[in-house]
Colleague: 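One structure, pasted below without further comment.
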2 protein chains.
Amino acid sequence: MTGIDTRERIVSASAELFGRQGYHATGVKEIVAAARAPFGSIYHFFPGGKEELGAEAIRRSGAIYGELIDAFFGPAPDLVTAVGDSFAGAAEQLRDTDFADACPIATIALEVASISEPLRQATAEVFESWIATASARFTGAGLPAGRARELVIAMLSGLEGAFVLARALRSTEPVEIAGRAAVEATRLALAAAANERHEIPGTVPT
Amino acid sequence: MTGIDTRERIVSASAELFGRQGYHATGVKEIVAAARAPFGSIYHFFPGGKEELGAEAIRRSGAIYGELIDAFFGPAPDLVTAVGDSFAGAAEQLRDTDFADACPIATIALEVASISEPLRQATAEVFESWIATASARFTGAGLPAGRARELVIAMLSGLEGAFVLARALRSTEPVEIAGRAAVEATRLALAAAANERHEIPGTVPT
DNA sequence: CAGCCAGTTGATAGATCGCTCTACTTAATG
DNA sequence: CATTAAGTAGAGCGATCTATCAACTGGCTG
């Protein structure tokens, strides 16, 4: 048995615990217990200690969620459906886990924003990558790059904030409401883009 | 000098530190240092310890921010302006404090959601009170109660999520984008409500 | 097989956590 | 003035935190 399995278990257990309880509420001992790993292995694989492990857990969670974007946007017949499905999926996940699993890095992001620069950067990179991945879907559907980015940031803000409210209120209502708002905004943006292309093709934008 | 001042200093220092660093990252010793209060006073005024102090800090922050809603919506000429000003004010606050002061309870809300039921309830009450306060402004402007609540939750989600992104990315861009989306949604909702009242007054809703 | 080293391990150090406790000061009351 | 209550003050407790480090393992080489 090689230690690579151990390392893997540590990272995924960390990602799960950090995401649910937050960074400071999760102890290293708790992590090794959940990962069924020896205590010392943490510092063998992550000489930088808890902070280095945190950064890797953040990036791991970010990558998994990033793939989820494509999983929702790939098979859907159109963008509006994909957006709606994404929020519905988020609400379902929330319900299934008794409001424990929402965004895996939002809690950490707020916790470390003013405390640890390396961890803050890790969360920033993840958010940026999500925005880039999702934006690509919208530019692919005909939206100008700037407009796509703006729409994605608005929807991601809505989702993240809905998670905050949902976990506090123990209700999926905010996610459903934010989802409807996102669907509507997507519909409007796509219509506006189509309008601009077909109806006033010769006009020169200022 | 009576101890009420001490109690007050403890609560406001707690609210500030919890809001910026989170609940678990803020120690009781750090609080008394910031409040220039004796350590024992914490347990004199808050026999329930850190958790009771946390609950009071949450409610305190919630009350202050609740008043802020009226401060923005009172003097504004119309709701759309008020919504825009609120987000602009949030962005300014973020910039002025080097992205330290966003929503005073969002961090705590995520941290404690799955850990402490009393604290989770405190955050839930605060969010509900904000929603009620803001909804009143929108029903007052002619929106049906259900639609007002939905609009407010969508905007609050957008704001909270924008705070998450803004602090992580160290940029006010998400707040500005969420603000534009909120303004647009408000405009549409008000127009739809006016439309319904004037153009099809005789129809009976299902 | 001896020697060696990368990889692995948990006991433990050292700091800090929330909290309790006792002692002291001040203010108000009989 | 004596008594009581309220608030001030910090030493120190057990628990828990992150991190270290010496000991151990298994496999490879001379």
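Letters go in sequence order (proteins before strands), and every chain restarts at 1. These values consider heavy atoms only, across backbone and side chains, with no hydrogens, waters or symmetry-generated copies.
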Colleague: What's the closest nucleotide to the side chain of B:Ser41 if the choices are D:dT8, C:dG10, C:dT8?
Modeller: D:dT8
Colleague: Would B:Glu184 and B:Arg180 pass as an ion pair if we require N to O under 4.0 Å?
Modeller: no
Colleague: Between P on C:dT9 and CZ on A:Phe46, what's the gap in Å once rounded to a whole number?
Modeller: 14 Å
Colleague: Taking only Lys NZ, Arg NE, NH1 and NH2, and the carboxylate oxygens of Asp or Glu, determine whether B:Arg60 and B:Glu8 approach each other closer than 4.0 Å.
Modeller: yes
Colleague: Whole-Å distance between D:dT16 C1' and A:Gln21 CD?
Modeller: 15 Å
Colleague: So which nucleotide from D:dG7, C:dG18, C:dT9 ends up closest to the side chain of A:Pro38?
Modeller: C:dT9
Colleague: How many whole angstroms separate atom NZ of A:Lys50 from atom C1' of D:dC17?
Modeller: 8 Å
Colleague: Choosing from D:dT18, D:dT8, C:dG18, which nucleotide comes nearest the side chain of A:Lys29?
Modeller: D:dT18
Colleague: Starting at CZ of B:Phe39 and ending at C1' of D:dC13, how long is that distance when rounded to a whole Å?
Modeller: 12 Å
Colleague: Is A:Glu92 salt-bridged to A:Arg95, going by a charged N under 4.0 Å from an acidic O?
Modeller: no
Colleague: Give one of base, sugar-phosphate or nothing for B:Gly27, where a contact means two heavy atoms less than 4.0 Å apart.
Modeller: sugar-phosphate
Colleague: Output the rounded distance in Å from NE2 (B:His44) to C1' (C:dT25).
Modeller: 13 Å
Colleague: Under 4.0 Å, counting only non-hydrogen atoms across every strand here, what does B:Gly49 touch: a base, just sugar-phosphate, or nothing?
Modeller: sugar-phosphate
Colleague: Distance check needed: C:dT8 P versus A:Ile42 CD1, whole Å only.
Modeller: 13 Å
Colleague: Both conditions, 6.0 Å and 45 degrees, for the charged tip of B:Lys50 above the ring of B:Phe18: are they met here?
Modeller: no
Colleague: What nucleotide among D:dT20, C:dT8, D:dG12 has an atom nearest to a side-chain atom of A:Tyr43?
Modeller: D:dT20
Colleague: Please give, in whole Å, the distance from C:dG10 P to A:Arg36 CZ?
Modeller: 14 Å
Colleague: By nearest heavy atom, map B:Ala37 and A:Tyr23 onto DNA chain D; which one lands nearer the 5' end?
Modeller: B:Ala37
Colleague: Is it the case that A:Glu176 and A:Thr172 place a side-chain donor and acceptor less than 3.5 Å from each other?
Modeller: yes
Colleague: Starting at CD of B:Glu8 and ending at P of D:dT8, how long is that distance when rounded to a whole Å?
Modeller: 13 Å
